[in-house]
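Let me begin by presenting the structure, written as structure tokens, before commenting on it.
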Amino acid sequence: MRRYLVLRALQALGVVAFITTLSFMVVHLAPGDPIGSSLQGPNVTEAIRQHWRAEYGLDRPVSEQYVRWVRLVAHGDLGFSFSQRRPVRDVFADAIPRTLLLSGMALLLSFAFGIAVGVLQAEQPNGSRDRWLGRVLLLLYSVPDFWLALMVLLLFSLRLRLFPPGGLHDAVLYDYMTPPQQLLDSLKHLVLPVLTLTVLSSAVVARHQRGELVSVLSSDWMRTALAKGLSWRAAVRRHAFRNALLPTITIFFANIAVFASGSIFVEKVFSWPGMGYVTVTAVAARDYPLVTAGVLFMSVIVVTGALVADLVMAAADPRIRLR
Amino acid sequence: MTPPLLEIETLHTSFSTEAGIARAVDGVSFQLHAGETLGVVGESGCGKSVTALSILRLVRPPGRIEAGSAIRFEGTNLLALAERDMQHVRGNRIAMVFQEPMTALNPVFTVGDQIAEVARIHAGASRRSAAAKAVEMLALVGIPDPAQRATEYPHQLSGGMRQRVVIAMALVMNPALIIADEPTTALDVTIQAQILELLADLTRRLGTSVLLITHDLGVVAENCSRVIVMYAGEVVEESTTVELFAHAHHPYTEGLLGAMPRVGRGAERLATIPGTVPAPTAWPVGCRFRERCAFAWDRCAKDHPPLYQLGSGHQSRCHLAEEPNRRAHPHTPLAAASGVASA
């Protein structure tokens, strides 16, 4: 087990190193640079830009910059964001909790909802309920996230005017609200992005859960459970569910990773300033330190998530535990 | 005479499939008396397992038990019971031992938990007393160190041990009837004998009746007082075991006996029955064994034979009962002559 852990950790480290190196190179090789995109006043001469490039070491070869960046990161310093004019660490300190709030709610809701739908379907495989839910899920499963986000925005915000179109809270009135009103306002702003994310990923979860359950329902021990005198529902809940849940646990943790790094399109469409939004904006501004730190953050989360999923799986399944 | 413990009357269980309606069990009737071990023999697809599942009403859609069937157990028609009352019968009054101990146990629960679950469902036992009951049951079925074994998972036990666990699970509530569906088919030969002996010993001690489903006539000979032979969804012969081995009447039964290896018969090739069972979606008119039978004549193609009474509880679904002299002139069965197995 220890050997396995060490191997997996090394593997994870390698993946993170590879991804960050690649992204560092790609960002630096792309045309434009942070100085060019941020210092653009009519009075700014090329000489001034060159001065700042030299100041930040941006005139150095990419390899030298890379080594310097790795050294900084190793010391826990993520650098300074050009576009936001403050340390990357501070940018993250603001963005991560927002992403966690949005994604956390969507993650929990989509698993609760997706598993429930999967169980509803699996109770009578190929029955009419299963078939209809299956069609709807397939549709949601295939819809691109940015498109659904835009449609949700159009319908609920522009057409029905039920919820605000985006942002963390009301830009003008928030400061004049009482705390309960502020809370309500924040919740209202959460509804649409959470809804979009939940709908999208519960389709994935439900399809998965239904498939696992159905394959498990026809197993012999399910028949044994019924022959013991359990009702069909009790047998599904006690016996089938636990078996079918094991693979779902894996995708739950795999999803934590995806969610923690923020849904880029959904955050962008709803102007939710979380990790996804910040990273995309940083790319547009050629904000090297912010982009590379963002990619580093995401790759660490994804790799850790996968590792945790494996370990949880091992803890939940006695057959894996022993090996 | 006391009423039978289990009485099955014209049981019809069918499955709707793409190819049509498969009449897997097509009018099966038999009785089982208290304390008796009744064997049900037949090859794969003859409807014996579906009969077993029908008794517990565990046939899942697209399968269904058709109207007009009756399964009377301890005087109650199980088919008329509400599902809730049926759950009270399952695992409590009628328990089942399945064929495949590798897969019959849930891999993510300890064997102790799985045995205890029966006591918790039917006796409303507390967690602790159910766990104690599980250990007691494991000891009863001869598992050494039962307290330790109860905390283990199915994959940690051998096949024979697992089947003992399944038997322990079936016996928790001391049921009146145990349905054992090929309980030893998946096991090594040496373990088979042990398991059958255990089952026979325990059920004798507890006075449990057994419906023993098997394709192995040797198992029947050793364990059952009476036998039912099934073919193509029907009972084709019923008699005491002694009578069956001495005077099998139905040509199919004769074929089964001929296909049995016997000690002292030398290295001759075992006899086989040519052809295969017809498709349950289209049972032939007349006798269903006709194409594979060496005695079949024109009447067998027209009249579906009833179960003829041969006296002293011996019945056979063969027109030879009325025209015994035809037995003198066997011919090559249709299925063997045409060289094609009827689908």
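All chains are named by letter (A, B, ...) in the order of the sequence lines, taking the proteins before the strands, and each is independently numbered beginning at 1. Note that the structure is a prediction, hence the values are computed from the model and not measured.
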Residue [X] versus chain A: region with a heavy atom under 4.5 Å:
X: Glu83(B); result: neither
X: Ala104(B); result: both
X: Ile179(B); result: neither
X: Arg84(B); result: neither
X: Met173(B); result: neither
X: Ile121(B); result: side chain

>> With no hydrogens and no angle check, just 3.5 Å: does a side-chain donor-acceptor pair link Thr184(B) and Gln163(B)?
In response: no

>> Does either side chain, that of Ser49(B) or that of Asp181(B), offer a donor lying less than 3.5 Å from an acceptor on the other one?
In response: yes

>> Tell me the closest heavy-atom pair linking Met230(B) and Cys46(B), and the distance in Å.
In response: CE-O, 3.5 Å

> Does any heavy atom of chain B fall under 4.5 Å from the side chain of Ser219(A), the backbone, both, or neither of them?
Replying inline: neither

> With chain B, which of Ser231(A), Ala234(A), Ala240(A), Gly127(A) has the greatest number of heavy-atom pairs at distances under 4.5 Å?
Replying inline: Ser231(A)

>> Side chains of Leu217(A) and Trp232(A), heavy atoms from C-beta outward: is any pair under 4.5 Å?
In response: yes

> Quick check: are there more than 12 heavy atoms from other residues, nucleotides or ligands sitting under 6.0 Å from CZ of Arg135(A)?
Replying inline: yes

> Taking atom CZ of Arg57(B) and atom CD1 of Ile94(B), what is their separation to the nearest 0.5 Å?
Replying inline: 11.0 Å

